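Read the structure below first, then the notes.
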2 protein chains.
Amino acid sequence: MPEQHASATGNRGGDDHGTGNSSDTGNGRGDGDGNGTANSGGAPGRDTANRGRTRPTGHDVAGAAGVSQATVSLVLGGKWQGRVSARTAESVRAAARELGYRPNLAARTLRLGRTRTALLVVPALTNDFFATVHRGAVEVAGAHDFGVVLYPSPEGITAAPDPFASARTALDGVIASSMAPEALAALRGEGLPLVMLDSDEGACDATVNVDLADGMRQVVAHLRELGHRRIAHVAADVDSWTFEVRARALRDRLRACGATLLRTERSPLSVAGGLAAATRILATAGKAGAADVPEDRPTALVCDDDLLAVGALKAARRLGLRVPQDVSVTGIDDVALATAVEPELTTVRLPAERVGAAGMQALLSVLEGRPVEAVRLPVRLVARGSTGPCPSPGLHGSP
Amino acid sequence: MPEQHASATGNRGGDDHGTGNSSDTGNGRGDGDGNGTANSGGAPGRDTANRGRTRPTGHDVAGAAGVSQATVSLVLGGKWQGRVSARTAESVRAAARELGYRPNLAARTLRLGRTRTALLVVPALTNDFFATVHRGAVEVAGAHDFGVVLYPSPEGITAAPDPFASARTALDGVIASSMAPEALAALRGEGLPLVMLDSDEGACDATVNVDLADGMRQVVAHLRELGHRRIAHVAADVDSWTFEVRARALRDRLRACGATLLRTERSPLSVAGGLAAATRILATAGKAGAADVPEDRPTALVCDDDLLAVGALKAARRLGLRVPQDVSVTGIDDVALATAVEPELTTVRLPAERVGAAGMQALLSVLEGRPVEAVRLPVRLVARGSTGPCPSPGLHGSP
DNA sequence: CTCCCTCAGTTTTACGTATAACGGCCTTGT
DNA sequence: ACAAGGCCGTTATACGTAAAACTGAGGGAG
């Protein structure tokens with residue numbers, strides 16, 4: 001079934017898989033063409049060259065079109081302006097389409113020394129924030145004929161990845177959402193351009209950041225408006241720049257408006273981690289009557305991301321505390337999970353797709369030698385059901 | 001880190017093990033060179049022009065060790081038994097380590113025609129089931145010196161991916177969790193080995209399935225034990241083999257035990273989709289008093305996956321129905337989300353990691369020409385809080 | 001008429017690796 | 001003593017592509 005459908009994917013390489021090999025793919029492996037011209041006007045040759053199942057090469061296309069391989073490369077590479085006649089170019093394209101030619105990526109890479117491929121290093125795939133970042137990066141990459149291969153650092157956010165073994169090809173650059181110092185050093189040693197997401201500047205060629213200091217400011221303002229003054233921090237147990245920024249911004253903002261940071265509990269970035277940390281915070285007091293509002297129990301938990309916040313939600317419920325009546329909870333990221341739980345999470349929405357897009361954009365700029373300015377993307381608090389007015393000590397216990 | 005591993009394709013002799021390979025993990029990255037290599041004189045190797053910043057090649061190593069490039073390839077490829085003396089081999093390895101040599105993957109691929117790389121096609125990364133599948137595949141692949149590159153089909157489960165443009169290198173095979181027919185045809189046309197996960201047999205070289213018919217049997221048995229007789233199906237709006245299996249198994253099992261499949265609502269595979277579908281099912285009756293148990297409202301919702309089930313949870317809550325007192329909900333997959341919500345989901349746990357591992361294993365078998373038998377992995381119902389006894393019409397409404 | 005320039009291609013080369021084909025030694029067997 | 005092999009390497013080649021260098025033919029300009 002010669003179902004030939006031209007996929008107009010916009011890029012120049014036609015992706016057709018026509019298998020109608022009725023054409024005379026002239027020359028095969030035998031390079032005997034050294035003598036005179038391959039007579040084009042001769043008898044219709046038998047299909048000789050298609051050896052079983054190997055993919056056609058540029059030479060096959062050249063033979064079919066009656067030109068040399070160099071011409072095929074010129075035409076298909078798009079650089080034939082003024083070097084090849086329009087008719088010849090068209091016949092080359094026709095032959096390529098007919099044979100279902102696709103250039104050998106390995107050979108092209110070997111020749112060019114570049115791959116038009118970026119590696120995206122993310123800490124985990126279980127947080128769909130990074131899936132969205134990837135989507136944004138792929139979108140921009142695709143528009144520039146670039147590819148993105150994803151490397152989920154398997155051991156978690158602090159492990160050293162082996163990017164080169166993962167991407168089974170040479171790389172033009174790396175976009176890293178988080179990297180262990182030693183892996184970063186290895187990368188730098190390799191001389192690869194590196195764009196860091198949500199990381200400190202320095203030791204990389206460009207950064208794309210999300211304005212989490214402002215995000216924390218919005219969180220604190222929101223909670224202060226609701227009357228909260230005693231706040232705890234469910235922090236990520238990760239030594240990473242972003243999380244330091246969050247902690248510092250939270251501390252500074254709370255101090256600036258006269259609220260108290262009661263305590264900070266660190267835990268791994270997962271629902272289970274948030275559950276454990278929030279339990280440690282909430283269970284230390286008010287055991288007798290959970291509905292009481294003891295002085296040493298915070299009325300709001302600010303969590304470093306949505307996974308932790310969902311864990312905090314569970315912890316509160318297990319301890320018999322209602323959210324948001326007894327305790328408010330906030331997250332960061334606004335992943336799908338945030339609206340899947342009940343109550344829905346008040347959280348800081350990060351423009352994940354734009355992060356990925358800006359990261360890829362920055363990498364492209366670096367590769368082209370253009371100067372790149374540090375990107376800082378704005379964030380926005382999304383108030384939902386997990387935050388509410390601060391419970392007043394007297395009003396609650398007596399119905 | 002240049003973990004050079006002897007690739008033993010175990011062609012026939014197959015005595016691959018015992019390669020006391022050089023575990024040069026974390027070799028001195030500090031030796032970045034700073035011109036380090038004092039090219040040993042006296043060797044036939046001539047100019048070893050270290051051109052500034054380019055990566056060292058096999059020729060550079062050869063020059064440094066005073067041998068030919070062929071010997072370098074022999075030694076580093078592990079095939080030097082009886083062809084190179086132990087002392088020479090060691091000096092080659094030392095030179096490679098010193099220079100930080102890493103073989104050029106593109107050149108190797110071009111030469112060998114194989115890449116030891118598999119493509120894993122998954123429908124979406126927002127469902128962390130597939131992240132776990134990926135982990136399983138990577139684990140097995142790594143043990144065989146294979147790589148796995150991930151291709152998230154961006155347009156959802158039915159879109160046609162372009163795997164070849166995605167994986168920026170040639171591929172040895174494909175493991176596909178779901179593919180549109182035209183993409184599958186393209187793959188077959190390319191002659192690539194293909195392992196399908198949770199798909200129909202036929203048109204591929206091997207399949208790895210999860211016993212979802214049995215899973216549905218367990219779900220129905222569980223609900224029947226709790227007394228449920230009127231059941232609705234929140235189905236995936238996807239024309240895919242697995243989902244057909246689920247639907248048929250549910251229908252057959254319900255009929256076999258005398259229960260009724262009240263209706264089926266199809267929706268996209270997401271929390272929002274589940275919310276919409278379950279709302280359509282639950283809102284059609286009992287508007288006046290939600291706590292009533294009208295005859296046309298199901299007492300249990302069986303959902304095609306956990307995302308849908310979480311959406312159903314939300315729908316019930318929004319309609320004022322309690323889970324599980326008023327309505328029970330079940331999912332499939334047992335992803336992290338299942339225990340993040342409240343109540344926790346009763347669901348069918350699928351061995352995601354084993355699926356990925358078995359898929360990679362099957363692909364390796366196909367590549368080596370060994371026969372592969374279809375794999376079918378067992379599943380297990382995990383009863384949690386989202387299912388409870390069927391509400392009896394009289395007992396509930398009057399406090 | 002010659003010189004130079006453009007057109008329309010072709011030859012040739014290089015990318016880095018793996019391996020087939022080959023060749024000097026040194027040990028054996030007969 | 002001399003061919004027959006092990007050792008221990010080397011030289012040469014092919015993989016498919018991109019692009020630089022080269023080749024003619026035709027056509028004004030001087």
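Just so you know, these numbers come straight off a predicted model, no measurement behind them. All values below were derived from every heavy atom in this structure, side-chain atoms included, with hydrogens, water molecules and symmetry-related copies excluded. Proteins come first, then strands; the chains are lettered A, B, ... in the order of their sequence lines, and each starts at number 1.
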Val138(B) meets the side chain to side chain contact (heavy atoms under 4.5 Å, CB included) criterion, sequence neighbours left out, with His134(B), Val148(B)
Whole-Å distance between dG9(D) P and Gln81(B) CD? 14 Å
For Leu364(A), what residues pass the side chain to side chain contact (heavy atoms under 4.5 Å, CB included) criterion, not counting sequence neighbours? Val140(A), His144(A), Phe146(A), Met360(A), Gln361(A)
Tell me: OH of Tyr101(A) to P of dT17(D), nearest whole Å? 3 Å
Going by salt bridge (charged side-chain N to carboxylate O under 4.0 Å, His left out), name the residues that satisfy it together with Asp205(A), two or more places apart in sequence or in a different chain. Arg188(A)
Rounded distance (Å) that lies between atom C1' of dA14(C) and atom CZ of Arg114(A): 15 Å
Separation of Lys79(B) atom NZ from dT17(C) atom P, in whole Å? 15 Å
Send over the distance from Leu105(B) CG to dT17(C) P, rounded to a whole Å. 10 Å
Identify, with sequence neighbours excluded, every residue that meets salt bridge (charged side-chain N to carboxylate O under 4.0 Å, His left out) alongside Glu139(A). none
Rounded distance (Å) that lies between atom C1' of dG6(D) and atom CH2 of Trp80(B): 17 Å
Going by salt bridge (charged side-chain N to carboxylate O under 4.0 Å, His left out), name the residues that satisfy it together with Arg87(B), two or more places apart in sequence or in a different chain. none
N/O contacts under 3.5 Å, protein versus nucleotides 5-10 of chain C?
| from | atom 1 | to | atom 2 | distance (Å) |
| --- | --- | --- | --- | --- |
| dG9(C) | OP1 | Ser85(A) | OG | 3.4 |
| dG9(C) | OP1 | Thr88(A) | OG1 | 2.7 |
| dG9(C) | OP2 | Ser85(A) | N | 2.7 |
| dG9(C) | OP2 | Ser85(A) | OG | 3.3 |
| dG9(C) | OP2 | Thr88(A) | OG1 | 3.3 |
| dG9(C) | O6 | Arg83(A) | NH1 | 3.3 |
| dG9(C) | O6 | Arg83(A) | NH2 | 3.3 |
| dT10(C) | OP1 | Ser68(A) | N | 3.4 |
| dT10(C) | OP2 | Ser68(A) | N | 2.9 |
| dT10(C) | OP2 | Ser68(A) | OG | 2.7 |
| dT10(C) | OP2 | Thr71(A) | OG1 | 2.5 |

Looking at Arg93(A) and Glu98(A), is there a salt bridge between them, counting it only when a charged N and a carboxylate O are closer than 4.0 Å? no
To the nearest Å, give me how far apart CZ (Arg108(A)) and C1' (dA14(C)) are. 17 Å
For Leu110(B), answer base if it contacts any base atom (sugar-phosphate contacts may also be present), sugar-phosphate if it contacts only those atoms, and nothing otherwise; contact means non-hydrogen atoms under 4.0 Å. base
Atom NE2 of His59(A) and atom P of dT11(C) are separated, to the nearest Å, by 11 Å
